[in-house]
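Just below is one structure, and these are the notes that go with it.
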Amino acid sequence: MPAEADKAYDPVAVEASWRARWDQDSTNSFTLEELRTAERPFFNLMMFPYPSAEGLHVGNIYAFTGADVFGRFKRMQGHDVFEPIGFDAFGIHSENFALKTGVHPTELIPANVANFRRQLRRIGGMFDWDHTVDTTDPEYYKWTQWLFLQLFKHGLAEQKEAPVNWCPSCMTVLANEQVVVGACERCGTGVEQRFIRQWFFRITQYAERLLHNLKHIDWSDTTLKAQRNWIGRSDGAELHFPVAGTDRAADGGSAGEASRPGSPVDEPHTGNAGDRTDAGSTRITVFTTRPDTVFGATYVVLAPEHPLVDAVTSDGCREAVEAYRARTSAMDLVARKKIEKHKTGVFTGGYCVNPANDELVPIWIADYVLMGYGTGAIMAVPGHDERDFDFATTYDLPIPRVIAAPGEDADTPLAIAYEYPTGTLVNSGRYNGLDVDAAKRAIVADLAVRGFAEAKVTYRLHDWCISRQRYWGPPIPIIHCDSCGPVPVPEEDLPVVLPHVEDFRPDATGVSPLSRVREWYEVPCPSCGAGATRETDVSDTFLDSAWYFLRYPSTDFPDRPFDPEITRRWLPVDCYIGGNEHAVLHLLYSRFVVMALHDMGLLGFEEPYDQFRAHGLIIREGAKMSKSKGNVIIPDPIIERYGADTFRLYLMFLGPFVEGGDYQDQGISGPHGFLHRLWESVVAGEREADGGNAVDPAVEQKLHQTIARVTEQVGSLRYNTAIAAMMEFLNAARAGGRTPARAEIEPLVCLVAPFAPHIAEELWRRLGHEGSVFDGANWPAFDPAKAAERVARVAVQVNGRVRGTVSAPAGADTEAVVALARCEPNVARHLEGKEVRRTIHVPDRLLNFVVAEAAAVGGASG
RNA sequence: GCCGAGGUGGCGGAACCGGUAGACGCGAAGGUCUCAAAAACCUUUGCCCUUGCGGGCGUGAGGGUUCGAGUCCCUCCCUCGGCACCA
């Protein structure tokens, strides 16, 4: 019974009262029993946020609102929608923030989380607050550690040496983002490359399956492409180039005087693809996708770190080679990969034999060859690879042509590298005349017989390094024992609790902060009982987030990471929405973890997310938002003024959800006015004793067209056009100051509900319903008969230009429409004196007369 | 450099499968109400010519296919996002 006082729309009051009611009635949370028995389970997942000190930013709200709209829509269609949220609170950001402000993460994070919870409630998300996760909670990371142990036990975790960015002044390892143009972002000291022992997950074992499964999952196209490119399968061959000794003449004479081997190296083939260093038969193994160009390989390049560099370097070149290697290792990883544009390198003085033509080719080292990819060595084919071409030009090495395009021959000069994978072989001995594909097969087959080649597939993907030499993360549950090696912490001893270290900044000792906590660090070996020490690396935050969706529905179980029965019912995730910045790593790592758990028999599926959609980014007034520009949108005051419903509706209205949009400050008044008018329309109807207004057939038709459009568009995340359709409908229902009938407005309240849940609840109640609009499958049904157009407006063109429109009965045939069109004065005018050559009719849409000047009488030329 | 996305009114953005370009909203102009302002409501609003009827031009540029192109094809220019010299 609304009093006069609450006739006006007061979003803040409406929203507060419905928030309270949702909490009180547990509208959005599941009991364990409900999770066990839900009949139409729908797991609606969104990427959980990092709880920063600044609070929720618009990007978060945009993403969560878009996901929440979808969840509410599914719920109104009768699904049991589980929509959890959590906090991804470990990691470098907290650690740095804590170092800067002096507040310990164990105090900072709970405060941030509390603030996030408040803001997340305020925006009206349908979150199940009884099933949240916090990755820094020992009850959560206990299972993150358990996951590490499972991977370890199945041979998927191993230790390897790997390079890191090292700041010699801070005595600490830096992330790529902490390195600014080769220097430490904090102290400005030049960054070095260091090799340390780290833990890796062997994700590369799954490369082919990770690639293959992409064919079957319903993900955004851009994300699928990013994953494919990241895995980066390339089909090619490994070729072996026997080392011919060093060039002693290089100290004084010319390269041509090199000691040539008498005959092609013809040694027994061992089937081992690696470089072999047994006396006299050292060979360099290269990977190539273009074995057809082997006759054009005029030199070989090793990565500076390649293990054979020492062996092939001549005494005369040793000094230059060592200097070059030192320079490379002084460079940080970022610079090595990005900044160095023009290629550099040095000759080692060594030679090897091109197995295809027995020619002697020089061995160089250069930093454009990376140890981490392929075999760390390439055969350089300057005629057909742009990088090799640049390098050969710089160092004056020969650039022969071995592939000719149509119209070219063996002697056509090469101004740039010819890289296309088509053409005919030239200058390639008995393979001349073969096309590229045939030559690849023939050359690899022939070289393989002699032990110089194997067909090979490589992947760009490398193993997942999970070690972090930091404090704020879950300790890796391993104990190092001198006699037993790395021993897993027994599962019953989990969690390995992160000890409280007041001052965790790196100190002059260069020892990890965790190893300074003696009583934590020194433990007996679980295997032999001797004195041992704990692993001091913590794990990557990507590991925390690689399995969190498995935990959500099982947070009621303290004794297992995920309950089999619950997991069977709720997983895989039905819909996952998140940013494309995680298109590669997070999504790939979680796919890997699920695949591995599947193979261990712990999960019945091998892909975690049935559907994934990437959302776009929000910019403001045409410019990217950033703290330094001071143009960041602060949500709290906007919600205070307009209410969360208006804010949500506006964010979804800005542009297509998957593409993002431009937030214009003034624009919010559009959606705000729309909600006001919706409120007015319902309240006005309330005054007139039940349905004062009769249903207008034209409005009813529009209503059903709107239901159809909104249902279809919300289902495919085209929220902006769905909202436009609703606005259009309300405009039509109110045209000429009319008060819409109850049967016209009530379905609109339901259509709006996913976007503006609070006002929808309130109006639903005012329309006389008990309970929540989100309970009981209230999504309006669409009646095609009522939506059907009876009259079509057909555009009439003459030679493709619109000259008028006619109204014709829907489905009218050509003859009838032509008759109507000819009566249209403007059309008739344009047809006068013309001959109609052709008539094109698109039923209910368009009629086009194709005309020409009528043939002139008497055969005058024209 | 490579990969991905995209260029449509003053602005954000619509447009199914090649069929009336500019829905919806912002802004702007005029009006109603008001002592006034705000709010609300109504009308107009791609550009140019025209009193009007109407006509011409128009989706980054240039070509092409078609009765008809924002949409398809070719060449080029520009913007944004991501990155890994991947052999």
Side-chain angles (χ1 to χ4, degrees), chain A residues 221-223 225-226 228-230 232-234 236 286-290 293 297 301 303 336-343 366-370 372-381 384-388 390-391 458-462 580-581 583-584 616-617 619 621-622 624 650 653-656 658-674 676-677 680 709 712 718 720-731 734 736-737 793-805 825-826 829 837-851:
Chain A
D221 250 19
T222 52
T223 315
K225 276 180 196 153
R228 275 195 197 100
N229 291 343
W230 191 265
R233 175 181 163 128
S234 45
V286 304
F287 175 73
T288 178
T289 54
R290 295 296 303 272
T293 63
V301 187
R336 174 79 184 278
K337 283 174 181 166
K338 283 188 183 167
I339 293 168
E340 195 67 33
K341 274 294 163 211
H342 37 258
K343 293 160 184 34
D367 60 8
Y368 79 97
V369 174
L370 305 174
Y373 188 78
T375 60
I378 62 158
M379 64 173 199
V381 184
H384 303 281
D385 181 281
E386 198 188 326
R387 292 154 301 163
D388 299 341
D390 290 349
F391 191 83
T458 55
Y459 298 89
R460 179 200 164 279
L461 179 69
H462 37 241
N580 235 345
E581 68 273 20
V584 176
L617 295 177
I619 58 172
E621 313 280 355
K624 207 170 131 181
Y650 181 44
F653 183 61
L654 290 177
V658 297
E659 282 163 40
D662 188 357
Y663 188 99
Q664 303 188 328
D665 295 359
Q666 285 180 316
I668 197 168
S669 61
H672 193 232
F674 170 73
H676 266 280
R677 287 189 288 278
E680 290 296 320
R709 273 173 72 183
E712 204 251 315
R718 278 137 63 210
N720 57 330
T721 51
I723 294 166
M726 291 188 268
M727 289 174 165
E728 219 177 296
F729 170 69
L730 187 61
N731 290 346
R734 287 167 56 89
R793 285 174 54 76
V794 179
V796 182
Q797 300 181 334
V798 177
N799 280 352
R801 289 169 178 274
V802 179
R803 300 300 180 185
T805 41
N826 200 44
R829 198 160 63 82
R837 294 257 169 98
R838 223 174 127 186
T839 306
I840 286 137
H841 183 221
V842 182
D844 296 345
R845 301 217 63 152
L846 170 137
L847 181 71
N848 187 15
F849 293 107
V850 182
V851 303

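Chain letters run A, B, ... following the sequence lines, proteins first and then strands; every chain starts at 1. Just so you know, these numbers use all the heavy atoms, side chains as well, and skip hydrogens, waters and symmetry mates.
- Among the protein residues, A:D388 comes within range of no part of the nucleic acid, since none of its heavy atoms lies under 4.0 Å from any strand.
- Here, B:rA29 and B:rC80 have their C1' atoms 35 Å apart, quoted to the whole Å.
- Counting any heavy atom pair closer than 4.0 Å across all strands shown, A:R709 reaches no nucleic acid atom.
- In the interface, the side chain of A:R845 is paired with the base of B:rC16 through a donor and an acceptor atom under 3.5 Å apart.
- Of the possible polar contacts, one joining the A:N799 side chain to the A:V851 backbone as a donor-acceptor pair under 3.5 Å is found.
- Rounded to whole angstrom, the span from the NZ atom of A:K624 across to the C1' atom of B:rG81 amounts to 8 Å.
- Comparing the C1' positions of B:rG22 and B:rG13 gives an interatomic distance of 10 Å, to the nearest angstrom.
- As rounded to whole Å, 14 Å separates atom P of B:rC67 from atom CG of A:L846.
- Rounded to a whole Å, the CD atom of A:E621 is 9 Å from the C1' atom of B:rC11.
- Counting any heavy atom pair closer than 4.0 Å across all strands shown, A:N848 reaches a base atom.
- Across all strands, A:E386 comes closer than 4.0 Å to no nucleic acid atom at all (heavy-atom distances).
- B:rC26 and B:rG19: their C1' atoms are spaced 30 Å apart (whole Å).
- As judged by a 4.0 angstrom heavy-atom cut-off over every strand, A:T805 is placed among the base-contacting residues.
- Within 4.0 Å (heavy atoms only), A:N826 reaches sugar-phosphate atoms of the nucleic acid but no base atom.
- Within the nucleic acid shown, A:S669 comes within 4.0 Å of sugar-phosphate atoms alone, with no base atom in reach, counting heavy atoms only.
- Base pairing of B:rG25 is made with B:rC11, judged by Watson-Crick or G-U wobble geometry with both donor-acceptor distances under 3.5 Å.
- Contacts of A:S234 with the nucleic acid, taken as non-hydrogen atoms under 4.0 Å apart, involve only primed sugar atoms and P, OP1 or OP2.
- Rounded to a whole angstrom, the distance from the C1' atom of B:rC73 to that of B:rG18 is 13 Å.
- Pair assignment for B:rC17: none, as no Watson-Crick or G-U wobble contacts are both less than 3.5 Å.
- Pairing of B:rU71, defined by two Watson-Crick or G-U wobble distances under 3.5 Å, is not identified with any nucleotide.
- Listed here is the closest heavy atom pair of A:V369 and A:V301: CG2-CG1, 3.6 Å.
- At the heavy-atom level, A:N580 lies nowhere under 4.0 Å from the strands shown.
- As rounded to whole Å, 9 Å separates atom C1' of B:rA87 from atom CE of A:M379.
- As judged by a 4.0 angstrom heavy-atom cut-off over every strand, A:R793 is placed among the base-contacting residues.
- In terms of position along RNA chain B, the nucleotide closest to A:Y663 lies nearer the 5' end than the nucleotide closest to the other residue of the pair A:Q797 and A:Y663.
- Across all strands shown, nothing is found opposite B:rG58 as a Watson-Crick or G-U wobble partner with both distances under 3.5 Å.
- Annotation: B:rC16 and B:rA23 have their P atoms spaced 15 Å apart (nearest Å).
- Taking atom C1' in both B:rU59 and B:rG70, the straight-line distance is 5 Å, to the nearest Å.
- Protein atom OH of A:Y373 is 12 Å distant from nucleotide atom P of B:rC85, rounded to whole Å.
- Rounded to the nearest Å, the gap between the C1' atom of B:rG12 and that of B:rG62 is 29 Å.
- Pairing for B:rC3 is with B:rG81, a Watson-Crick or G-U wobble pair whose two hydrogen-bonding atom distances lie under 3.5 Å.
- When the P atom of B:rG12 is taken as reference, atom CD of A:Q666 falls 14 Å away, rounded to whole Å.
- With a cut-off of 3.5 Å on both Watson-Crick or G-U wobble distances, the partner of B:rU32 is given as B:rA40.
- Backbone-only engagement by A:L654 is indicated by non-hydrogen atom pairs under 4.0 Å involving sugar-phosphate atoms exclusively.
- Across all non-hydrogen atoms, the minimal contact from A:A366 to A:F391 is CB-CE1, 3.8 Å.
- A:R677 comes within 4.0 angstrom of the backbone, heavy atoms only, and of no base.
- Of the two residues contacting RNA chain B, namely A:I723 and A:A226, the nearest-nucleotide position lying further toward the 5' end is that of A:I723.
- Rounding to whole angstrom units, NE2 of residue A:H384 and C1' of B:rA87 are separated by 15 Å.
- For the residue pair A:F674 and A:M726, the shortest heavy atom distance occurs at CE1-O, 3.8 Å.
- Across the P atoms, B:rA14 and B:rG60 are found 15 Å apart, a figure rounded to whole Å.
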